Amino acid sequence: DNGDDEDDRDRRPPPMRRPAPSRPRRRVSLSGGPQPGPQATQRPIEVITGFAFDRTKVPDLEHTKLIRVARLILGGQRGPYQLIGHTDPVGTDAYNLDLGFRRAMEVQRQMNVTLERMRPGSSRGVTFVTVSAGETRPVAPNSSEAGRAQNRRVEIFGPPQPPPTPTCRYRYADAPSLEREAARRT
């Protein structure tokens with residue numbers, strides 16, 4: 001040690017950082033909402049409305065909608081379910097994105113509670129994708145309190161439906177006669 005602290009700092013290894021505790025990953029879109037996917041053309045299977053201003057608590061009257069979705073899940077549709085949180089335009093864009101995400105997370109939590117009450121252990125295999133659209137997709141004008149209240153919502157989209165299976169209009173038993181007719185035309 002020659003007394004020169006600057007040289008010692010250059011030779012020291014960088015301090016070790018502790019890994020951050022694992023937390024659920026936030027899927028908040030900063031580019032105007034979730035990226036278009038299968039849900040872009042689908043209608044939501046349920047819309048949870050009636051959120052109080054700046055609150056995430058699911059209104060008591062909306063629990064019947066959660067029960068309807070839980071019945072779909074228990075009927076065999078395991079997911080993925082997309083939950084999109086929405087807000088009114090009061091507040092900053094960043095705050096509204098976070099508030100929409102927190103609302104969607106609360107609906108997910110309530111869905112899990114509802115599933116567990118209906119059939120213990122049934123929420124384990126269900127997949128939810130939680131995102132926020134913030135204030136970017138209003139369904140009503142924001143000029144009145146009633147319009148802003150309609151925009152405070154969480155939309156629940158079901159799993160993407162597979163395309164219909166193509167069917168042949170001919171029977172297999174008719175194949176030899178169809179082949180003869182095709183050969184005659186050529």
Side-chain angles (χ1 to χ4, degrees), residues 18-89 91 93-140 149-167:
R18 285 186 176 171
S22 63
R23 295 187 317 223
R25 293 179 62 195
R26 290 182 173 226
R27 294 189 63 180
V28 176
S29 173
L30 299 176
S31 62
Q35 297 302 317
Q39 284 78 12
T41 57
Q42 289 181 349
R43 295 181 66 202
I45 58 173
E46 205 59 76
V47 179
I48 308 300
T49 58
F51 288 95
F53 175 74
D54 200 26
R55 298 287 182 254
T56 59
K57 182 182 182 299
V58 176
D60 293 336
L61 294 174
E62 299 296 297
H63 285 277
T64 56
K65 294 178 181 178
L66 295 177
I67 291 170
R68 279 196 294 254
V69 175
R71 286 184 182 141
L72 281 175
I73 293 171
L74 293 175
Q77 294 185 349
R78 303 303 282 177
Y81 288 85
Q82 186 174 36
L83 308 174
I84 303 176
H86 299 272
T87 65
D88 60 28
D93 291 346
Y95 183 80
N96 284 334
L97 279 172
D98 182 60
L99 178 60
F101 180 78
R102 287 186 286 135
R103 283 181 178 154
M105 288 297 293
E106 178 63 16
V107 168
Q108 177 181 342
R109 190 183 74 74
Q110 289 292 325
M111 277 300 313
N112 286 330
V113 168
T114 302
L115 284 166
E116 289 300 315
R117 284 183 180 156
M118 292 175 80
R119 187 180 302 154
S122 63
S123 68
R124 285 189 218 130
V126 182
T127 306
F128 293 100
V129 178
T130 306
V131 294
S132 175
E135 62 188 67
T136 61
R137 297 185 190 165
V139 293
Q150 287 180 337
N151 291 326
R152 296 190 292 261
R153 68 194 190 281
V154 173
E155 296 174 324
I156 303 173
F157 290 91
Q161 299 300 317
T165 306
T167 58

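If you're wondering where the values come from, they're calculated on a predicted model, not measured in any experiment. Worth knowing before you read on, the calculation uses all heavy atoms, side chains too, and leaves out hydrogens, waters and symmetry mates.
- Other residues, nucleotides and ligands contribute at most 12 non-hydrogen atoms within 6.0 Å of the CZ atom of Arg71.
- For Gly50 against Pro59, the heavy-atom pair with the smallest separation is O-CG, 3.0 Å.
- Between Ala70 and Met118, the shortest heavy-atom contact is CB-SD, 3.5 Å.
- Residues satisfying the side chain to side chain donor-acceptor pair (under 3.5 Å) test with Asp93, not counting sequence neighbours, are none.
- Residue Phe128 holds its CZ atom at 4.0 Å from CD1 of Ile73, rounded to the nearest 0.5 Å.
- The shortest heavy-atom contact between Gly85 and Ala104 is N-CB, 3.9 Å.
- Contact between Val129 and Pro80 at its shortest, heavy atoms only, is CG2-CB, 4.3 Å.
- Remark: Leu99 CG to Ser132 OG distance equals 7.5 Å, nearest 0.5 Å.
- Judged as a side chain to side chain donor-acceptor pair (under 3.5 Å), and not counting sequence neighbours, Arg119 has no contacts.
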Could you pull out all donor-acceptor pairs under 3.5 Å where a side-chain atom in residues 149-157 meets a protein atom, sequence neighbours excluded?
from: Asn151; atom 1: OD1; to: Val139; atom 2: N; distance (Å): 2.7
from: Asn151; atom 1: OD1; to: Ala140; atom 2: N; distance (Å): 3.1
from: Asn151; atom 1: ND2; to: Ala140; atom 2: O; distance (Å): 2.9
from: Asn151; atom 1: ND2; to: Asn142; atom 2: OD1; distance (Å): 2.7
from: Asn151; atom 1: ND2; to: Gly147; atom 2: O; distance (Å): 3.2
from: Arg152; atom 1: NE; to: Phe51; atom 2: O; distance (Å): 3.0
from: Arg152; atom 1: NH1; to: Asp88; atom 2: OD2; distance (Å): 2.6
from: Arg152; atom 1: NH2; to: Glu145; atom 2: OE2; distance (Å): 2.9
from: Arg153; atom 1: NH1; to: Arg137; atom 2: O; distance (Å): 3.4
from: Arg153; atom 1: NH1; to: Asn151; atom 2: O; distance (Å): 3.3
from: Arg153; atom 1: NH2; to: His86; atom 2: ND1; distance (Å): 3.4
from: Arg153; atom 1: NH2; to: Arg137; atom 2: O; distance (Å): 2.7
from: Glu155; atom 1: OE1; to: His86; atom 2: NE2; distance (Å): 3.0

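- Of the inter-residue distances, the one linking Gln82 atom CD with Ile84 atom CD1 reads 4.0 Å to the nearest 0.5 angstrom.
- Every side chain to side chain donor-acceptor pair (under 3.5 Å) that Gln110 has, sequence neighbours left out, goes to Glu106.
- In this view, Arg117 and Val113 satisfy the side chain to side chain contact (heavy atoms under 4.5 Å, CB included) rule, not counting sequence neighbours.
- At a threshold of 4.5 Å between non-hydrogen side-chain atoms, the residues Arg103 and Thr87 count as touching.
- In this structure Thr114 satisfies the side chain to side chain donor-acceptor pair (under 3.5 Å) test with no other residue, sequence neighbours excluded.
- Checking side-chain atoms of Ser122 against main-chain N and O of Leu115 turns up a donor-acceptor pair under 3.5 Å.
- Between the side chain of Glu46 and the main chain of Val69, no donor-acceptor pair closer than 3.5 Å is present.
- Between Phe101 and Thr130 the shortest side-chain heavy-atom distance falls below 4.5 Å.
- In terms of heavy-atom proximity, Leu97 sits nearest to Ala133 at CD2-C, 4.0 Å.
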Practice task
Start with the C-alpha distance between Leu66 and Val107, add both sets of side-chain angles, then the distance that settles side chain to side chain contact (heavy atoms under 4.5 Å, CB included), and finish with yes or no.
Solution key: CA-CA 8 Å; Leu66 295 177; Val107 168; 4.0 Å; yes
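- Taken from CG in Leu61 to CD1 in Ile48, the straight-line distance is 11.5 Å, to the nearest 0.5 Å.
- Proximity of a side-chain donor or acceptor of Gln108 to a complementary backbone N or O of Leu83 within less than 3.5 Å is not detected.
- Two residues are said to be in side-chain contact when any heavy atoms from C-beta on lie closer than 4.5 Å; Lys65 and Thr49 meet this criterion.
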